[in-house]
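Just so it is clear, the model here is predicted, and its values are computed rather than measured. Chain A is the first sequence line, chain B the second, and so forth, proteins listed ahead of strands; every chain is numbered from 1.
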Number of protein chains: 2
Amino acid sequence: MPVTLKDIAKKVGKSVTTVSRALHGYDDVSPETSALVRKVADEMGYTPNIIAQRLQKQHTDTIGFILPTFGPRFSDPFFSEFLAGIGNKAAKLGYDLLVSTHPPGDDELKAYRRKVQSYLVDGFIIVRTRRKDPRIGYLCQTDFPFVAFGRTENSCDFPFVDEDGELGMRLIAHHLADLGHQRIAFIAAPDELMFAHYRLKGFKNGLSEKGVRLEEKMIVTGDLTQRDGVKQATMLFDLPNPPTAIAACNDLMALGAISAAQKRGLRVGKDIAITGFDNIPLAEHSHPSLTTIHQPIYQIGDMVCEMLIRRIKEESIEAEHTLLEPKLVIRETSGGKL
Amino acid sequence: MPVTLKDIAKKVGKSVTTVSRALHGYDDVSPETSALVRKVADEMGYTPNIIAQRLQKQHTDTIGFILPTFGPRFSDPFFSEFLAGIGNKAAKLGYDLLVSTHPPGDDELKAYRRKVQSYLVDGFIIVRTRRKDPRIGYLCQTDFPFVAFGRTENSCDFPFVDEDGELGMRLIAHHLADLGHQRIAFIAAPDELMFAHYRLKGFKNGLSEKGVRLEEKMIVTGDLTQRDGVKQATMLFDLPNPPTAIAACNDLMALGAISAAQKRGLRVGKDIAITGFDNIPLAEHSHPSLTTIHQPIYQIGDMVCEMLIRRIKEESIEAEHTLLEPKLVIRETSGGKL
DNA sequence: TTGAAAGCGCTAACAA
DNA sequence: TTGTTAGCGCTTTCAA
């Protein structure tokens, strides 16, 4: 049924080898043969069997990406955009993308190990890095190519791109402090997530630089979803002495906080300041629009993918460790619009 | 470096064939040999080379999914959730997922053709079906297994899951008409998208059943993003005789419309009714919360994936054509909360 | 119960 | 310029 090199070889009366070489444009095959082979291949509708090529070449031109899914209602706008970034770049560079979904946890490593050991992928892209990240430990130790979006506290060295979340949150803290807020709350994310750790740290430092105190009970932790943003913010509002400003660790929770505030009849941007982090498309078009830190997710996907492919091909990478400078986007929810 | 059957064979002093059979649990190998082989394989850390298996077996246990990306800012919450649905199911059934991104358009078919002809995938999942869908035409004609989320006007028969968008939008139309609205607008999506076509049709029918007229100029078309929801809604508000209700073809645009309305100082749910379609997580937690039609995206992904795998394995599929019954979720934006 | 041999489709070193 | 040969790692007849 499918056309193979053998079929073409038979048709043109040459060997399989010659056909292969002709098709690859090697110069040690006569122009006539080459032309004939190409013509016949075209007529017969030949497409190489990539699986066979892979077995021979011992690499797959495929990169792996495992989505850290949580519940079934997994709908973080972050991921589709990031995926688009790596997908488009991968396609441009002739790579396929093998995606799977796996909740973080115990047998998570199995998913990685299988793909590594069975030669299903040439490299991995890692996201949502954790402070102790077993995935990174494993890949480092086996010396398998990967690039991460995010850092870790593991001791090994590896290429990554990350946004300077610490600085980003300092900017938010300064902004809020400059607006005169004294009772400021923070909706954090689980501290084992590296980015959550940095952001909280930056926020604390930022406030203390401005001489503003961050009370312990003003720090709550959410699971990054909008739903939890609502819940955590509501708890903050229920405090005997509620905050006048809330900084959330990401936009989704900030959006939830806005919703919670409005449900209370608070005017966001006036009675209460709220800020996010990520600048997802929704941030710009929420009402009021969300003050946040911009994170160029698509471009990060693009960069990370390119770095990985360069690493796979053992080409040099300009910047092994890229820390992107965060940009504060002041909109309406902080009440700080100039 | 990597451990192969040959290595194990050498170690246990048996042939590659025997080792292979032992590892597969065939019963024509002596218990002792079998035990020994397994033990050694384990000790040596053997993992089968899946590429080699695939070449031999002539199938890949991989399913293809091509994301119809549009701009770089591609962040539809729909896709991450759908992907989680198919990803988890695929993993459970032992399948991998080959994802790529490609804008709809001319050389889109190439992406499909390559994967089909090179035996990279055993089947495809198609989303965002169009009225004339070349992808479906191609796959039908080559008789390649696929399952679609959505229908088409192509004449061929194929398995699909779809939500009854026509009925869904009729429910919305009825709801709005029952609330007494007479000047109702619709933010449609490009009509070549099958679901957009159905939804518009259902809306028109629904209104006419209630004796409400839908003026032509009250129908505008957006690109499904929140940004465009803002824009289209703003245009509607600028009409000399603006609508008292706006139904958007999807939640994202509805969210945009809410934002546009609030910017005008309109109280959504009182001065203006707004509805969406999809029931993305954000719908529940927007303020006011969004009246919409629920679409179980994760489960649809799950179903579609299972159907495809059954089809690949040539097992029977219970329901080749599943039309899900839509559920109206009445919240605050329509002002119809009981 | 086991092994030899062939073959999946392709590439590449070597020889002619 | 071309063909022969071997081999990537695996599965599967077939024969012993």
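- Pairs of residues two or more places apart, or lying in two chains, that qualify as salt bridge (Lys or Arg N to Asp or Glu O under 4.0 Å) and include a residue from residues 41-52 of chain A are A/Lys39-A/Glu43.
- Each end of the helix from C/dT1-D/dA16 to C/dA16-D/dT1 gets its own axis from five base pairs, and the two axes differ in direction by 50°, given to 10 degrees.
- Residue pairs satisfying the salt bridge (Lys or Arg N to Asp or Glu O under 4.0 Å) criterion with at least one member in residues 301-315 of chain B, sequence neighbours excluded, are listed as follows: B/Lys89-B/Asp302, B/Lys89-B/Glu306, B/Arg310-B/Glu315, B/Arg310-B/Glu318.
- Remark: the B/Asp7 side chain and the B/Tyr46 side chain contain no N/O donor-acceptor pair separated by less than 3.5 Å.
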Would A/Phe149 and A/Phe82 satisfy ring-ring contact (aromatic ring centres under 6.0 Å, His included), going step by step from the backbone distance to the final call?
CA-CA 10 Å; A/Phe149 171 21; A/Phe82 186 73; 5.6 Å; yes

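- For C/dT1, the OP1/OP2 oxygens have no side-chain nitrogen or oxygen of B/Ser30 closer than 4.0 Å.
- For the residue pair A/Thr33 / A/Ser30, a side-chain donor-acceptor distance below 3.5 Å is found, with atom types taken as modelled.
- Chain A approaches DNA chain D within less than 4.0 angstrom (heavy atoms of the protein), and the contacting nucleotides run 5' to 3' from D/dT1 to D/dG9.
- As rounded to whole Å, 8 Å separates atom P of C/dT1 from atom CG of B/Asp27.
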I'd like a table of atom pairs between the protein and nucleotides 10-14 of chain C - only N or O on both sides, under 3.5 Å - with the distance next to each one.
unit_1	atom_1	unit_2	atom_2	d
C/dC10	OP1	A/Tyr46	OH	2.6
C/dC10	OP1	A/Asn49	N	3.2
C/dC10	OP2	A/Leu5	N	2.7
C/dT11	OP1	A/His24	NE2	2.8
C/dT11	OP1	A/Gln53	NE2	3.0
C/dT11	OP2	A/Ser20	OG	2.9
C/dA12	OP2	A/Tyr26	OH	3.1
C/dA12	N6	A/Thr17	OG1	2.9

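- Ring planes of A/Tyr26 and A/His24: tilted class, angle from 30 to 60°.
- When B/Tyr112, B/Tyr138, B/Phe65, B/Phe146 are each tested for a ring pair (Phe, Tyr, Trp, His ring centres under 6.0 Å) with B/Phe124, only one passes: B/Tyr112.
- Remark: C1' of C/dG9 and CD of B/Gln58 are 8 Å apart, rounded to the nearest angstrom.
- None of B/Leu98, B/Leu120, B/Asp122 except one satisfies the side chain to side chain contact (heavy atoms under 4.5 Å, CB included) rule with B/Thr62; the exception is B/Leu98.
- Residue pairs satisfying the salt bridge (Lys or Arg N to Asp or Glu O under 4.0 Å) criterion with at least one member in residues 13-38 of chain B, sequence neighbours excluded, are absent.
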